Each structure stands twice: as C-alpha cells, then as structure tokens.
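What you see is a predicted model, and the numbers here were worked out from it, not measured in a lab.
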Amino acid sequence: QVQLVESGGGLAQPGGSLSLSCAASGSIFSINAMGWYRQAPGKQRELVATIRSGGSTKYADSVKGRFTISRDNAKNTVHLQMNSLKPEDTAVYYCNADVRLLYGSYGQPWGQGTQVTVSS
C-alpha cells in the first residue's frame, strides 16, 4: 500500500557532495518519522539519520556535521544532503518511514536503496 522511492545516489570524490531524496506514496494517512539507513558490503544496515514530523532530528555520530536530513511533509518526502563525503560513506542507502496508513493501521516500509560510492 505504501512505497518509498529513493533517488540521487551516485559517484562522488572524497570531500564532495551528494543529495538523496525519498518520496513516499500510497495509502498514507500521516508519517511520523522518516529516516535514512545504509549498508556497506559485508556489514549490517545502520542508522544514518532520522527526522520526525515536527522537525526534530537524530544523526549517527559518524555523519554529524556533514549530513543534513530534512523533509517536506506536504509531499511526504525526505532528503539527505551529504557533504564532505568520505570513502567510508560508501554504501547502499535506504529510506525508511514510520507510516500511519488509512483505516488506522501502521507500517514501516523501506525503499529499494540507492548506491552511494565515494572513491578517488
């Protein structure tokens, strides 16, 4: 009923920037938190950043000061601005949302992921 679609991944050099976007669509009543996770080869998926509907944010220590998460509630969209990229940021980045669906149910869908590669 709900789909998340990420965009904006690609290749960047160390110190460069990329901007990711994720749009939620479907039978949505409201969205509480939205967030970004990433998974590098051979590693578990980890939290990058989250943002609640009221605007409060949380970041992994490894990205604080470099990444900024934001959202457009009217468009059910979340963004991740990534600056000062490092090779260790290389991963597949996934969008996640805490969604209240129509008819009173809840769900936590995931996007399909977008590849971010930071390499010289």
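When all heavy atoms of Phe67 and Tyr93 are compared, the closest pair comes out as CE2-OH, 4.1 Å. Smallest separation of non-hydrogen atoms from Ser120 and Pro14: N-CD, 3.8 Å. Shown here for Arg38 and Ser62, the closest heavy-atom pair between the two residues is NH2-OG, 3.4 Å. When all heavy atoms are compared, the tightest approach of Pro109 to Leu4 is O-CD1, 3.2 Å.
Side chain of Glu6 to main chain of Cys95: a donor-acceptor pair is present (N/O by atom type, distance under 3.5 Å, no hydrogens or angles). Proximity of a side-chain donor or acceptor of Thr90 to a complementary backbone N or O of Val118 within less than 3.5 Å is detected.
Defined by atom type and a distance below 3.5 Å, a donor-acceptor pair is missing between the side-chain atoms of Glu46 and Gln39. For Arg45 and Tyr37, the side-chain atoms include no donor-acceptor pair closer than 3.5 Å. For the residue pair Asp72/Thr77, the side-chain donor-acceptor check at 3.5 Å is not satisfied.
Hydrophobic clustering (side-chain heavy atoms under 4.5 Å, transitive across Ile, Leu, Val, Met, Phe, Trp, Tyr) keeps Val78 apart from Tyr94. In the hydrophobic clustering of this structure, Val92 groups with Trp110; members are Ile, Leu, Val, Met, Phe, Trp, Tyr whose side-chain heavy atoms approach within less than 4.5 Å, directly or through other members. When the side chains of ILVMFWY residues are joined at heavy-atom separations under 4.5 Å, either directly or via intervening members, Tyr59 and Val116 end up in a single hydrophobic cluster.
When side chains are defined from C-beta on, Leu80 counts as touching Val48, because their heavy atoms get closer than 4.5 Å. Looking at heavy atoms from C-beta onward, Gln1 lies in side-chain contact with Leu101 at the 4.5 angstrom threshold.
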Should Thr50 and Met34 be marked as a side chain to side chain contact (heavy atoms under 4.5 Å, CB included) after you check the CA-CA gap, both sets of side-chain angles, and the distance that decides it?
CA-CA 6 Å; Thr50 62; Met34 302 187 75; over 6 Å; no
Report the C-alpha separation of Leu85 and Leu18 in whole Å, then their side-chain angles, then the decisive distance to 0.1 Å, and conclude whether the side chain to side chain contact (heavy atoms under 4.5 Å, CB included) test is met.
CA-CA 8 Å; Leu85 285 165; Leu18 286 173; 4.0 Å; yes
Could you pull out all donor-acceptor pairs under 3.5 Å where a side-chain atom in residues 20-32 meets a protein atom, sequence neighbours excluded?
unit_1: Ser21; atom_1: OG; unit_2: His79; atom_2: ND1; d: 2.9
unit_1: Asn32; atom_1: OD1; unit_2: Arg52; atom_2: NH2; d: 3.4

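Salt bridge status for Asp61 with Lys64: present, with a side-chain N to carboxylate O gap under 4.0 Å.
Within 6.0 Å of the CD atom in Glu88, the count of heavy atoms belonging to other residues, nucleotides or ligands exceeds 12. Heavy atoms of other residues, nucleotides or ligands lying less than 6.0 angstrom from CD of Gln112 number more than 12.
Partners of Ser84 by side chain to side chain contact (heavy atoms under 4.5 Å, CB included), not counting sequence neighbours, listed by chain and number: Arg66.
Ser70 contributes atom OG, which lies 8.5 Å from atom CD of Gln81 (distance to the nearest 0.5 angstrom).
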